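First up is the structure itself, then whatever we jot down about it.
Throughout, protein chains are lettered first and strands after them, A, B, ... in sequence-line order, and every chain is numbered starting at 1. Since the structure is predicted, the reported quantities are computational estimates derived from the model, not experimental observations.
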2 protein chains.
Amino acid sequence: MSLPHALLGLLAVQPRSGYELTKVFEQDLGRYAWQAGHTSIYPELNRMAEKGLVEVTSEGARGSRTYAATDAGRAELRTWLMSPPTQAKVRNEQVLRMFMLSALEPADALVVLQRIAETTDRAAAELRKVREAEPDALTGPEGFGQLAAEYGLRQYEAVRDWAGWAIERLEREA
Amino acid sequence: MSLPHALLGLLAVQPRSGYELTKVFEQDLGRYAWQAGHTSIYPELNRMAEKGLVEVTSEGARGSRTYAATDAGRAELRTWLMSPPTQAKVRNEQVLRMFMLSALEPADALVVLQRIAETTDRAAAELRKVREAEPDALTGPEGFGQLAAEYGLRQYEAVRDWAGWAIERLEREA
DNA sequence: GGCCGACGTGTCAAGACTGACATGTCGGTG
DNA sequence: CACCGACATGTCAGTCTTGACACGTCGGCC
């Protein structure tokens, strides 16, 4: 169960409300690492507060509650992060599609690969532009930091290069 | 719901039994793209057979049933693969850990990053060795093909490079 | 002052997934 | 020929996740 750890990690860096946390999951975090909607976040925050992993530090307008990680929460987070990597759970629909391409006719597969190459290339360019134009946007309340941006960039580039390799391979076979 | 599509993709390439499918999910497919245990695979196969997406082509020893994709199944698979990429579902505990590193003390984060770099580097080397030593193992009933191997390799290398970048960045800050 | 969109939190039913448990078969080794 | 490990399929309860629905608030624009 990774959601509590994800929330703990976010709240250890800076206090946020459930609503703000939801926004983060819609950005880089949800795109590369772990997705979650507000319908799982709010109940989870309540459960974690009961367990003493997080606490409400202030209440704002419109009934908003700002949470922060407690010492117990930080300890739990550290334990999780420092523990040896077990066989991780992976679920990535995009990658699944790529793996299934060999089930298509080569001509169809080529079309899809081409689209993948284009899409990821565009995404990488976009990310590079954002990072250079406004580096602060990445560290703001919704962005997730330089680490994530760099990871995403390298990820896109790797996929684009892989797609290019696959296209070349398919064309050589034809 | 991606599991049926994953099964369809596998069965479109070659007929397999539920047991064999389970094995594939324990290999590359489950490691990079989508994991599933036999407890979800068997019921799903039955559902898909009812819908006419797959069919039992032969029954072997120990009650084993070999499934193959039907024409309807292939059509469904093609539709799915050719349709424009929607916002994909991503869930990767390993990546989540990486994203949460900024919540740790730099010294701790460094330790974890170093371990990530080592682990992925070893995994990449391993994969490279397997591919060169016995390229046929990749295309056998359990392997998932050159495409997957290449993807995994590039993936590992990207993560390793990213970790190296992050380590350098952390050390420069210190 | 009314309206609307973003803010902000929540429930609930339906569906998906995991891990524990269950059951039986075939092939090879000692 | 007894045993064991791999083969092979299955159920089920508990948990997690998703999507639909629900409700109220604040700020800004017309």
Side-chain angles (χ1 to χ4, degrees), chain A residues 1-8 10-11 15-27 29-30 33-51 54-67 86-93 96 140-142, chain B residues 1-8 10-11 15-27 29-30 33-51 54-67 86-93 96 140-142:
Chain A
M1 217 181 39
S2 302
L3 179 57
H5 290 127
L7 294 172
L8 227 34
L10 291 170
L11 295 177
R16 304 178 202 243
S17 67
Y19 188 79
E20 287 167 330
L21 287 166
T22 303
K23 287 305 183 64
V24 178
F25 276 91
E26 284 168 8
Q27 304 295 316
L29 183 62
W34 203 269
Q35 44 149 29
H38 80 277
T39 54
S40 42
I41 292 172
Y42 288 123
E44 189 62 51
L45 283 172
N46 286 327
R47 272 193 294 273
M48 289 166 74
E50 268 174 47
K51 286 187 194 167
V54 299
E55 60 186 351
V56 176
T57 55
S58 74
E59 311 203 1
R62 286 174 257 207
S64 83
R65 289 188 297 282
T66 301
Y67 290 87
T86 61
Q87 180 57 18
K89 294 162 201 159
V90 171
R91 215 150 245 178
N92 189 321
E93 193 181 319
L96 178 61
E142 288 196 15
Chain B
M1 216 180 40
S2 302
L3 179 57
H5 289 127
L7 294 172
L8 227 34
L10 291 171
L11 295 177
R16 305 179 203 241
S17 66
Y19 188 79
E20 287 167 330
L21 288 165
T22 303
K23 287 305 182 65
V24 178
F25 276 91
E26 285 168 8
Q27 305 295 316
L29 183 62
W34 203 269
Q35 45 147 29
H38 80 277
T39 54
S40 43
I41 292 172
Y42 288 122
E44 189 61 52
L45 282 172
N46 287 327
R47 271 193 295 273
M48 290 167 75
E50 267 174 46
K51 286 187 194 166
V54 299
E55 60 186 350
V56 176
T57 54
S58 75
E59 310 203 1
R62 287 174 256 204
S64 83
R65 289 188 298 281
T66 301
Y67 290 88
T86 61
Q87 179 58 16
K89 294 163 200 159
V90 171
R91 212 149 248 182
N92 189 322
E93 193 181 318
L96 177 61
E142 289 195 16

Between B:Arg16 (side chain) and B:Leu11 (backbone), is there a donor-acceptor pair under 3.5 Å? no
Nucleic acid contacts - residues 33-44 of chain B versus DNA chain C, non-hydrogen atoms under 4.0 Å: B:Gln35, B:Thr39
What is the distance, to the nearest angstrom, from the CD atom on A:Glu59 to the C1' atom on D:dT25? 15 Å
Mind checking salt bridge (Lys or Arg N to Asp or Glu O under 4.0 Å) for B:Arg62 and listing every partner two or more places apart, or none if nothing turns up? none
Less than 3.5 Å apart, which donor and acceptor atoms pair up between the side chains of residues 43-51 of chain A and the rest of the protein, not counting sequence neighbours?
from, atom 1, to, atom 2, distance (Å)
A:Glu44, OE1, A:Arg47, NH2, 2.9
A:Asn46, ND2, A:Tyr42, O, 3.4

Rounded to whole Å, CE of B:Met1 lies from C1' of C:dA16 at a distance of 9 Å
Compare the minimum distances between each of D:dT9, C:dT25, D:dG24 and the side chain of A:Arg62, then state the nucleotide with the smallest one. D:dG24
Atom-pair distance (OH on A:Tyr19; C1' on C:dC7), nearest Å: 5 Å
Of C:dG10, C:dC7, D:dT9, the nucleotide closest to the side chain of A:Asn46 is C:dG10
For B:Glu93, check side chain to side chain contact (heavy atoms under 4.5 Å, CB included) against everything at least two apart and list the hits. A:Ser2, A:Trp34, A:Trp80, A:Ala88, A:Lys89, B:Arg97
Short question: side chain of B:Glu20, backbone of B:Ser17 - any donor-acceptor pair under 3.5 Å? yes
Of all the choices, D:dT18, C:dC17, C:dT25, which nucleotide is nearest to the side chain of B:Arg91 once you look at every atom? D:dT18
I want to confirm an ordering. Mapping A:Ala61 and B:Ser17 to their closest nucleotides on DNA chain D, which one lands closer to the 5' end? B:Ser17
For the pair made of CZ in A:Arg65 and C1' in D:dT25, what is the distance, rounded to whole Å? 15 Å
Please report the distance, rounded to the nearest Å, between CG in B:Leu7 and P in C:dC17. 10 Å
I'd like to check the side chain to side chain contact (heavy atoms under 4.5 Å, CB included) partners of A:Ala33; sequence neighbours left out, ordered by chain and number. A:Leu29, B:Val95, B:Leu96, B:Phe99
Residue-phosphate contact under 4.0 Å: A:Lys23 side-chain N/O, C:dA6 OP1/OP2: no
Length of the line joining A:Arg47:CZ and C:dT9:P, which is rounded to integer Å: 16 Å
Does the B:Thr57 side chain pair with the main chain of B:Thr66, one donor and one acceptor, at a distance under 3.5 Å? yes
Measure the distance from CE on A:Met48 to P on D:dC16 and round it to the nearest whole Å. 13 Å
Separation of C:dT18 C1' from B:Glu93 CD (nearest whole Å): 14 Å
